[in-house]
Amino acid sequence: MMLEIPGILSKDAVRELRALIDAGEWVDGNETSGHQSRLAKRNAQLAEGSEMAAEAGQRVLAALSRTPRFIAAALPLKVFPPLFNRYQGGEAFGDHVDNAVRQLRGTEFRIRSDLSCTLFLAEPEDYDGGELVVQGLFGEQRVKLPAGHAILYPASSLHQVTPVTRGARVASFFWLQSMVRENEAREQLFRLDTTIQTLSAERGGTDAAVLELTNLYHNLLRRWADA
Ligand code: NI
């Protein structure tokens, strides 16, 4: 499932975050690449390890934790600290796969990457190209979202970022390990959860059918989740 998650950051929050990171040190994006991606990748990345990069990552994580749609869809167990990248002057990232396991350099922190997430930090009209293209079962999906919106997609997908031929595409990106490993199971839970929210708004949370479906949701989650 590919899912758009709007409004993770307000326009003001995007502006403040951009002011913070734009002033930072940017390095060759290949510092975090695996062998195959290195061949395909041309972009810049906010240098990791500075206090500022940590602060920027924290702001993204805090915003995600306040976004119910993100939590419901991702069921996050462990989130890799968000990184930031920038494409301009024809830069692109050709078709590649993301590593299945990510270890945070110099630490024991490691995740299985179930989901990839890109949070857009530039408005679509401010650059040409820079679409995220994800190969899925139903063909190719092309994504370019307003600043502050994110796209969540299975990390198992082949994907690319098309060349940016005008302006700059700035985004935060990260991977996460979900409590529910299988994409299919996680999608069913998300759809059930969404339906329960709708029914609950109509009938109230103590309605017998809403309670029964909520129980069913939790029992499925209990069956499938690692916590
Ligand atoms: Ni990637």
Side-chain angles (χ1 to χ4, degrees), residues 1-5 8 21 26-49 53 56-57 60-61 64 70 73-74 76-105 109-122 124 127-165 168-178 181-183 186-187:
M1 176 177 63
M2 277 187 81
L3 189 73
E4 180 178 342
I5 302 172
I8 288 182
I21 63 174
W26 291 77
V27 297
D28 187 326
N30 279 318
E31 287 206 355
T32 53
S33 304
H35 173 70
Q36 187 270 332
S37 343
R38 194 164 297 157
L39 304 172
K41 184 175 185 183
R42 283 181 300 121
N43 68 6
Q45 200 162 297
L46 186 64
E48 287 174 71
V60 172
L61 289 177
L64 291 171
F70 172 79
L77 177 62
K78 294 191 274 182
V79 182
F80 203 78
L83 300 168
F84 297 84
N85 61 16
R86 183 176 66 203
Y87 297 80
Q88 56 192 357
E91 288 173 332
F93 197 164
D95 264 330
H96 68 280
V97 289
D98 292 343
N99 288 352
V101 176
R102 291 256 163 195
Q103 177 130 16
L104 190 59
R105 212 174 298 165
F109 183 76
R110 191 170 62 187
I111 68 161
R112 180 188 68 230
S113 57
D114 295 323
L115 288 164
S116 297
C117 190
T118 297
L119 170 62
F120 289 78
L121 296 174
Y127 60 97
D128 290 336
E131 290 174 303
L132 172 68
V133 182
V134 180
Q135 309 286 345
L137 282 176
F138 299 105
E140 198 178 87
Q141 305 223 39
R142 308 177 78 88
V143 184
K144 185 170 174 175
L145 299 176
H149 295 214
I151 186 81
L152 193 62
Y153 61 100
S156 52
S157 325
L158 201 63
H159 57 279
Q160 61 165 296
V161 175
T162 63
V164 174
T165 54
R169 176 199 197 265
V170 179
S172 175
F173 65 103
F174 55 91
W175 303 272
L176 65 90
Q177 179 170 337
S178 176
R181 178 183 193 143
E182 298 296 334
N183 287 316
R186 198 183 320 107
E187 179 175 345

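One-based numbering, in listed order, for ligands and for the atoms of each. This chain uses plain numbering: 1 for the first residue, then up along the sequence. Here the structure is a predicted model, which is why all the values come from computation and not from measurement. The analysis underlying the following values was restricted to heavy atoms, covering all of them including side chains, and did not include hydrogens, waters or symmetry mates.
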With Gln177 via side-chain hydrogen bond (donor to acceptor under 3.5 Å, both in side chains) - residues at least two apart
none
Taking the side chain from Ser172 and the backbone from Leu83, do they hold a donor-acceptor pair closer than 3.5 Å?
yes
Just jot down the side-chain contact (heavy atoms from CB on, under 4.5 Å) partners of Ala100, sequence neighbours excluded, or say none.
none
Gly130 backbone acceptor or donor facing Lys144 side chain under 3.5 Å
no
Determine how many protein N/O/S atoms sit closer than 2.8 Å to the Ni ion (ligand 1), leaving waters out since they are not shown.
3
Taking only residues two or more places apart in sequence, or in another chain, which ones meet Arg186 in a side-chain hydrogen bond (donor to acceptor under 3.5 Å, both in side chains)?
Ser178, Asn183
Is it true that atom CD of Glu182 has more than 12 heavy atoms of other residues, nucleotides or ligands lying nearer than 6.0 Å?
no
